[in-house]
Amino acid sequence: MRKSAVAMCAVAAVGAVAVVLVPATSPEVSGGDTALVSVVVNHGRTVELGPDETRTIEVEVTASDRSGIRAVDPIGLWGPNYATLKVGPMSCVPLSAGGTTARCSGEATVSAGSRALFDDQAGTWFVDLRIRAADGDRYVSKNAAGFSLKRSARFDRAAADPARVTAGGAVTVRARLQRADWDRKAEVPQQGTTAYLQFRPLGSDTWTTLATARTDADGLLAVNVPARGPGAFQWYAPGDKWTAGAVSEVLPLEVDGPGAHPGQ
């Protein structure tokens, strides 16, 4: 039976996860001059989690008080459908000469394995915290900041890559878009998602969108476009509130025949 809440203890290792810098919100309870300056979750990047993946998230809280910051504790993360994460002990370092401002950091572990996280818990999450100053002042908020926790997505090659084409001809570019399914602990086709086919001429660093397509029930994409000379294709899917965006591997294109290469 599915549990209504998830609680995970912090770990000491630093992981590569996502973080978001969010302006402070109004406290639900405040006493004295204690103020929340900022909250950073996962270094300001979205947390993207695979179908059976575990990651460590760093949480940084910067706060100020004339008497100095004593502690940021307790602190937790909560998301849709009763999802919760526990952040471990916060370590505080003064940032100003008088010690009035401090940055406190801690870690939480988020896991899609062991039925710990479910698909409907992806989306916007919030930081719940209590800041305590040296003189007894405090700042308490259940939504001090927000960040995104999303199911990962990726492209795989469902057909042969574009390789060679005759100058003036056309080429069909294919791909498959999949996303993490936390319920099933597997990757599944991402159906009905808009993706953009982009092209970069040989020697250029600029990608230009050539076509737009939507994935079918099997997550497949296929677009037929004229060969514009040697270069490379890639697919880009921007994602949504629950699923991360994805960029495919570069798909090189060689063109044979007169006018196949720039300058000829």
Side-chain angles (χ1 to χ4, degrees), residues 2-11 15 17-49 54-93 95 100-112 115-151 182 240-242 244:
R2 176 176 170 176
K3 296 181 179 179
S4 62
V6 181
M8 285 167 273
C9 295
V11 296
V17 195
V19 177
V20 175
L21 176 62
V22 184
T25 60
S26 299
E28 294 182 9
V29 178
S30 182
D33 65 320
T34 305
L36 174 62
V37 177
S38 67
V39 179
V40 180
V41 181
N42 192 42
H43 308 287
R45 302 188 302 272
T46 296
V47 183
E48 301 178 14
L49 202 64
T54 298
R55 288 184 179 272
T56 299
I57 308 172
E58 184 178 5
V59 180
E60 277 190 355
V61 177
T62 302
S64 66
D65 187 276
R66 284 192 298 269
S67 67
I69 299 300
R70 179 182 177 187
V72 176
D73 180 62
I75 181 169
L77 312 176
W78 60 274
N81 295 300
Y82 306 103
T84 63
L85 294 173
K86 184 178 180 180
V87 180
M90 301 286 284
S91 175
C92 297
V93 177
L95 297 181
T100 57
T101 303
R103 177 174 296 140
C104 305
S105 59
E107 294 175 337
T109 301
V110 56
S111 177
R115 307 298 293 172
L117 195 65
F118 299 87
D119 272 2
D120 62 5
Q121 293 172 329
T124 301
W125 283 54
F126 298 94
V127 179
D128 179 359
L129 57 73
R130 179 192 298 261
I131 301 169
R132 292 181 288 160
D135 61 0
D137 291 350
R138 61 176 178 160
Y139 178 110
V140 180
S141 177
K142 291 188 178 297
N143 58 345
F147 67 99
S148 293
L149 173 60
K150 297 184 178 183
R151 304 169 303 212
W182 296 339
D240 55 29
K241 181 178 179 180
W242 306 277

(message) Tell me which one of Val59, Val39, Leu36, Val61 satisfies side-chain contact (heavy atoms from CB on, under 4.5 Å) with Val72.
(response) Val61
(message) Please report the interatomic distance CG(Leu117) to CG(Leu85), rounded to the nearest 0.5 Å.
(response) 7.5 Å
(message) Let me confirm one number: the CZ-CG distance from Arg70 to Asp135, rounded to the nearest 0.5 Å.
(response) 11.0 Å
(request) Tell me, please, which residues at least two apart from Thr100 pass side-chain hydrogen bond (donor to acceptor under 3.5 Å, both in side chains). (result) Ser96
(request) For Asn143 and Val127, run side-chain contact (heavy atoms from CB on, under 4.5 Å): C-alpha distance rounded to whole Å, both residues' side-chain angles, the deciding distance at 0.1 Å, then the answer. (result) CA-CA 5 Å; Asn143 58 345; Val127 179; over 6 Å; no
(request) Identify the heavy atoms of Ser105 and Glu60 that sit nearest to each other, and give their distance. (result) CB-CG, 3.9 Å
(message) Once rounded to the nearest 0.5 Å, what's the spacing between atom CG of Asp73 and atom CZ of Arg130?
(response) 9.0 Å
(request) Answer yes or no: is there a side-chain heavy-atom contact under 4.5 Å between Arg138 and Thr34? (result) no
(request) Enter the distance from Arg103:CZ to Met90:CE here, rounded to the nearest 0.5 Å. (result) 11.0 Å
(message) With rounding to the nearest 0.5 angstrom, report the CD to CG distance, Glu48 to Leu149.
(response) 10.0 Å
(message) Would Val47 and Trp125 count as a side-chain contact (heavy atoms from CB on, under 4.5 Å) here? Give the steps.
(response) CA-CA 10 Å; Val47 183; Trp125 283 54; over 6 Å; no
(request) Say whether, by atom type as modelled, one donor and one acceptor occur between the side chain of Asp120 and the main chain of Asn81 under 3.5 angstrom. (result) no
(message) Minimum heavy-atom separation for Gln121 and Pro80, please, with both atom names.
(response) CG-O, 3.3 Å
(request) Determine yes or no for a side-chain-to-main-chain donor-acceptor pair under 3.5 angstrom, with Asp137 supplying the side chain and Asp33 the backbone. (result) yes
(message) For the CD1 atom of Ile131 and the OH atom of Tyr139, what is their distance to the nearest 0.5 Å?
(response) 6.5 Å
(message) Any side-chain to backbone donor/acceptor pair from Lys142 onto Phe126? Under 3.5 Å, distance only.
(response) no
(request) Go through the side-chain N and O atoms of Thr54 and Ser111 and say whether any donor and acceptor fall under 3.5 Å apart. (result) yes
(request) Looking only at non-hydrogen atoms, find the nearest pair between Ser64 and Thr101 and report the distance. (result) CB-OG1, 3.5 Å
(request) Give the C-alpha distance, both sets of side-chain angles, the deciding distance and a yes or no for side-chain contact (heavy atoms from CB on, under 4.5 Å) between Thr84 and Asp128. (result) CA-CA 10 Å; Thr84 63; Asp128 179 359; over 6 Å; no
(request) Looking only at non-hydrogen atoms, find the nearest pair between Val87 and Gly106 and report the distance. (result) CG1-C, 4.0 Å
(request) Taking Asp119 for its side chain and Trp182 for its backbone only, find out whether a donor-acceptor pair lies under 3.5 Å. (result) yes
(message) Which heavy atom of Ser67 sits nearest to which heavy atom of Ala133, and what is that distance?
(response) OG-CB, 3.9 Å
